[in-house]
Protein chains: 2
Amino acid sequence: MSQEKTATTEAAKPLATKGKKVRADAQRSTDTLLETAKKVFATSGVDAPVREVAEAAGVGIGTVYRNFPTRADLVAGVFRREVDACVAEAAELSDAHPPCEALSLWLHRYTQFIATKKGLASALHSGDPAFATLPDYFRENFEPALAALLDRAAKAGDINDSTDPYDLLRAIGNLSVASGEDSAAHIRRMVDLLINGLRFGAVDADRGMATPKNA
Amino acid sequence: MSQEKTATTEAAKPLATKGKKVRADAQRSTDTLLETAKKVFATSGVDAPVREVAEAAGVGIGTVYRNFPTRADLVAGVFRREVDACVAEAAELSDAHPPCEALSLWLHRYTQFIATKKGLASALHSGDPAFATLPDYFRENFEPALAALLDRAAKAGDINDSTDPYDLLRAIGNLSVASGEDSAAHIRRMVDLLINGLRFGAVDADRGMATPKNA
DNA sequence: TGACATACGGAACGCTGTTCCGTATATGAA
DNA sequence: TTCATATACGGAACAGCGTTCCGTATGTCA
């Protein structure tokens, strides 16, 4: 999404960032690296060699490691940026659509966000310390956003309120790593199935399924 | 599950196996390697070095590569074996329980099967040719098994028949890679939610949800 | 028993991530 | 502006990985 907008997201900081002053060239390197890494990862996958990112960014390998202690830190930095972007869209949709529609719309949008991060899925659970804070970051940003959407829909009587936002976040996130011929359609169907699950027993139940019943 | 039973599953063959005769020691190496690799992967993760498997199996590295052209082939071989085991259980459960119960039971069993293969999830979509046939193998074995379970439950009027077995297989498989503090409970809840989705609009709908509505 | 195809073992290769350190540069004081 | 110094940069070098290669050992069949 978007162009380059000289991204200065504060969340993308991998290092401690302990109040100290950062030299201008270092800051520039960090930004360039995040920007470049995002593209390289999109092109060659998250397994792309660090050297490839370094070369694409026009910096030496030492510079990469000075700004990101570990390869995983670089990956995590890129990830954080994209989380920010997706969360922002949640608020926008919530403002622009009716409760249940906004919920459905964002859930499917979130689905696409995750789909571009299949390679990360396994890394997240690899025990690498650089990824340790990612689940928290993920949750702290996504959960409130989804909670708001769910809340509106529940208050409107469209869904029952027995499902935890974080549960749904994880479930759809996991669902969205699916790939294959018709993965996009598959994911859409499964998310709709989950939404039907939410509507099962709701005040206004049976008002219509999320998608046509038959193929 | 099970002990060692000198496993001779025919499905675990990575090579072409073109009718030719195989020397006894080679056959033994293949079996030992699969057996050992399974344990090593369970202990050190699927990322365990090939050398570690070789050492644990008491063979040289060259032997591993003679029996499994690629590291991925070894991983795939282990995977196939475990698919066989899980599919077998599906039939057993179907014979021993009422339709909807058997379905639910196996779905949760399947969940545990997948949970031990988190590391594989990303590898499957890595484009590695050794994994290319795995999705087919997976589907060819699991789909009929689940289809039978679903069919029984649908005929009993417990669920609607609008959901494709393979869809469900993939969905739950993806759901089951979840990890974290309460991942087991989370997965259980989400599978139940999916099952409720199946029951939404069924002949005997509203006969009771798969799990208590509230926490 | 012998001959030959086959399998075995492990040194060696190329590609990773990562470390190290001499060199270059930004920053703040004079 | 000029200098001193902390900081950042670049890339050679190292360790660990998957994989290849080939001399040696071992089944198999006559």
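From a predicted model like this one, the values you see are computed outputs, not experimental measurements. Each chain gets a letter, A, B and so on, in the order the sequences are listed, and its residues count up from 1.
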Under 4.0 Å from OP1 or OP2 of D:dA8: is there any side-chain N or O of A:S29 that close?
no
What one-letter contact string describes nucleotides 14-19 of chain C from 5' to 3', where B marks a base within less than 4.0 Å of any protein heavy atom, S marks contact via sugar-phosphate atoms alone, and - marks no contact?
--BBBB
Has A:Y110 got a side-chain atom pairing as donor or acceptor with A:A90's backbone, closer than 3.5 angstrom?
no
Could you check how far CG of A:D31 sits from P of D:dA8, rounded to whole Å?
14 Å
Restricting to nitrogen or oxygen on both sides, can you table the protein-nucleotides 21-23 of chain C pairs closer than 3.5 Å?
none

What residues, two or more places apart in sequence or in another chain, satisfy salt bridge (charged side-chain N to carboxylate O under 4.0 Å, His left out) together with A:D182?
A:R189, B:R170
Smallest heavy-atom separation, B:L33 atom then B:L74 atom, equals O-CD1, 4.3 Å
Testing the 3.5 Å rule here: is there a donor-acceptor pair between the side chains of B:D73 and B:Y65?
no
Reading nucleotides 25-30 of chain D from 5' to 3' and marking B where a protein heavy atom lies under 4.0 Å of the base, S where only the sugar-phosphate is that close, and - otherwise, the string is -BSS--
For A:S29 and A:R23, does a side-chain donor sit closer than 3.5 Å to a side-chain acceptor?
no
Can you find a side chain N or O atom of B:T63 that sits less than 4.0 Å from OP1 or OP2 on C:dG9?
yes
So do the side chains of B:F68 and B:V75 get within less than 4.5 Å of each other, counting heavy atoms only?
no
Between atom CG in A:L33 and atom P in D:dA8, what is the gap in whole Å?
14 Å
Only pairs under 3.5 Å count here: list side-chain donor-acceptor contacts from residues 49-57 of chain B, not counting sequence neighbours, and write none if there are none.
from  : atom 1 : to    : atom 2 : distance (Å)
B:E52 : OE2    : B:S44 : OG     : 2.8

Taking all atoms of both residues into account, what is the closest heavy-atom pair of B:G173 and B:I114, and its distance?
O-CG2, 3.3 Å
Taking only side-chain N and O atoms of B:R66, does any of them lie within less than 4.0 angstrom of OP1 or OP2 on C:dC8?
no
Side-chain touch A:V22/A:T30, heavy atoms, less than 4.5 angstrom:
no
Just grab all the salt bridge (charged side-chain N to carboxylate O under 4.0 Å, His left out) pairs involving residues 121-144 of chain B, residues at least two apart or on different chains.
B:R139-B:E143
Decide salt bridge (Lys or Arg N to Asp or Glu O under 4.0 Å) for A:E35 and A:R28; before the verdict, give the C-alpha distance in whole Å, the side-chain angles of both, and the deciding distance to 0.1 Å.
CA-CA 11 Å; A:E35 200 70 27; A:R28 207 177 322 125; over 6 Å; no
